[in-house]
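Naming convention: chains lettered A, B, ... in sequence-line order (proteins, then strands); numbering from 1 in each chain. As the structure is a prediction and not an experimental result, all values here were calculated from the model.
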Protein chains: 2
Amino acid sequence: MKAKSKARFEARAKIIKAMAHPARLMIVDELSRRERCVRDLTEMVGSDVSTVSKHLSVLRNAGVVRDEKRGSKVYYILRTPCILNFMSCVETVIKSKAEEQLDLAK
Amino acid sequence: MKAKSKARFEARAKIIKAMAHPARLMIVDELSRRERCVRDLTEMVGSDVSTVSKHLSVLRNAGVVRDEKRGSKVYYILRTPCILNFMSCVETVIKSKAEEQLDLAK
DNA sequence: CTGTTCATTGGCAATTTAGCCAAATGACCA
DNA sequence: TGGTCATTTGGCTAAATTGCCAATGAACAG
C-alpha cells in the first residue's frame with residue numbers, strides 16, 4: 001500500500017515538475033489560447049530555439065502537450081486544458097502570501 | 001507589459017516548484033486532512049528529520065503552508081486548500097498519458 | 001541543573017537542470 | 001541540386017536541488 005502511494009506521488013511530482021519553470025508556464029499559457037509552432041513560441045519566450053525545443057520536450061514527456069507535424073513545422077497543442085485551473089489556485093497562494101507580508105509589516 | 005507578465009510567470013513557477021517533489025506532495029496531501037507536527041510528517045515521509053524540515057521550509061517560503069509553534073512542537077498547516085484541485089487535473093494528465101501509451105501499443 | 005525530545009541550520013557530495021552553441025535532419029523552394 | 005527555414009540533438013558549463021550527518025538551540029520532565 002505504502003509503495004503504491006509513493007509511486008503515485010512520484011508520478012504526480014513528475015508532471016508538476018514539468019510545469020515548474022517560468023518559460024514552460026508561459027508556453028502552456030499561450031497554448032491554452034491556440035496551438036503554436038516552435039518558431040512562434042521561441043519568439044514569445046525569447047530564448048534560443050534549442051532551449052525552447054527542450055522545454056517543449058519536457059512538457060511532451062510529461063504528457064502536458066502533444067505535437068503535430070505539418071509540413072516543415074511542428075505544432076504544439078495543450079493536451080489537458082484543466083491545467084489552467086492550476087493557475088487560479090496558484091494566484092490564491094500568491095495573494096495569501098502577499099497578505100501575510102502585509103500583516104507582518106504592521 | 002512584457003516584463004510584468006514575465007514576473008508573474010516567475011512568481012507562479014516558484015510556487016509550483018515548491019510542490020514539485022514527491023515528499024512535498026505527500027506532506028501537502030497529509031496536511032489537507034489535518035495539521036501535523038514535524039515529527040509526524042517525518043515518520044510518514046520516511047526520510048531524515050532534517051530533510052523533512054527543509055522540505056517544510058520550501059513549502060513555507062512559497063506560501064503553501066504556515067507553521068505554528070506550540071510547546072516544543074511545531075505544527076504545519078495548509079494555507080490554501082485549493083491546492084488540492086491541482087491534483088485532480090494532474091490525475092487527468094496521467095490518465096491521458098496512459099491512454100496515449102495504450103494507443104501506441106496497438 | 002541534567003538528560004531528552006523536537007526542530008532547524010550548516011556543510012558537503014551527488015545528481016539534476018538550464019541554456020547556449022554547433023551540428024545534424026527534414027521539408028520546401030528555385 | 002543547392003540553399004534556406006524549422007526543429008531537434010549532443011555536448012558542455014554553470015547553477016540549483018537533494019539528502020544525509022553533525023552541531024546547535026528551545027522546551028520540558030525529573
Inset, instruction - Mark yes when over 12 heavy atoms from residues, nucleotides or ligands other than A/R60 sit less than 6.0 Å from its CZ; otherwise mark no. - result: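 Yes, enclosed.
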Output yes when a side-chain donor or acceptor of [X] lies under 3.5 Å from a complementary backbone atom of [Y], and no otherwise.
| X | Y | value |
| --- | --- | --- |
| B/R12 | A/P22 | no |
| A/S88 | A/L84 | no |
| A/S53 | A/V49 | no |
| A/T51 | A/S47 | no |
| B/N61 | B/S57 | yes |

Minimal non-hydrogen separation, [X] against [Y], with atom names:
| X | Y | result |
| --- | --- | --- |
| B/V64 | B/L78 | O-CD1, 3.7 Å |
| A/V93 | B/A62 | CG1-O, 3.6 Å |
| B/F86 | A/I16 | CD2-CD1, 4.3 Å |

Legend entry - Residues in contact with DNA chain D, drawn from residues 12-22 of chain A - heavy-atom cutoff 4.0 Å: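 Those residues: none at all.
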Inset, instruction - I would like to know whether A/K95 and A/E91 meet side-chain contact (heavy atoms from CB on, under 4.5 Å); could you show each step before the answer? - result: CA-CA 6 Å; A/K95 198 181 297 178; A/E91 289 294 330; over 6 Å; no
Legend entry - Five-pair end axes of the helix from C/dC1-D/dG30 to C/dA30-D/dT1 and the angle they enclose, rounded to 10°: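 Inter-axis angle at the ends, rounded: 20°.
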Round to a whole Å and report the spacing from [atom1] of [X] to [atom2] of [N].
| X | N | atom1 | atom2 | result |
| --- | --- | --- | --- | --- |
| A/K69 | D/dC5 | NZ | P | 18 Å |
| A/M26 | C/dA18 | CE | P | 14 Å |
| B/E68 | C/dC6 | CD | P | 19 Å |
| A/R24 | C/dT17 | CZ | C1' | 9 Å |

Polar atom pairs (N or O), protein with nucleotides 6-13 of chain D, under 3.5 Å:
from   : atom 1 : to    : atom 2 : distance (Å)
D/dA6  : OP2    : A/R39 : NE     : 3.2
D/dT7  : OP1    : A/V38 : N      : 3.3
D/dT7  : OP1    : A/V74 : N      : 3.1
D/dT7  : OP1    : A/V74 : O      : 3.4
D/dT7  : OP2    : A/R39 : N      : 2.6
D/dT8  : OP1    : A/Y76 : OH     : 2.7
D/dT8  : OP2    : A/S53 : OG     : 2.8
D/dT8  : O5'    : A/S53 : OG     : 3.4
D/dG10 : O6     : A/K54 : NZ     : 3.1
D/dG11 : O6     : A/K54 : NZ     : 2.6

Legend entry - Which residue lies more 5' along DNA chain C, comparing A/R70 with A/H55 via nearest heavy atoms: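 The 5'-side residue here is A/H55.
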Inset, instruction - Show your reasoning for whether side-chain contact (heavy atoms from CB on, under 4.5 Å) applies to B/I83 and B/R79. - result: CA-CA 9 Å; B/I83 291 272; B/R79 194 183 263 285; over 6 Å; no
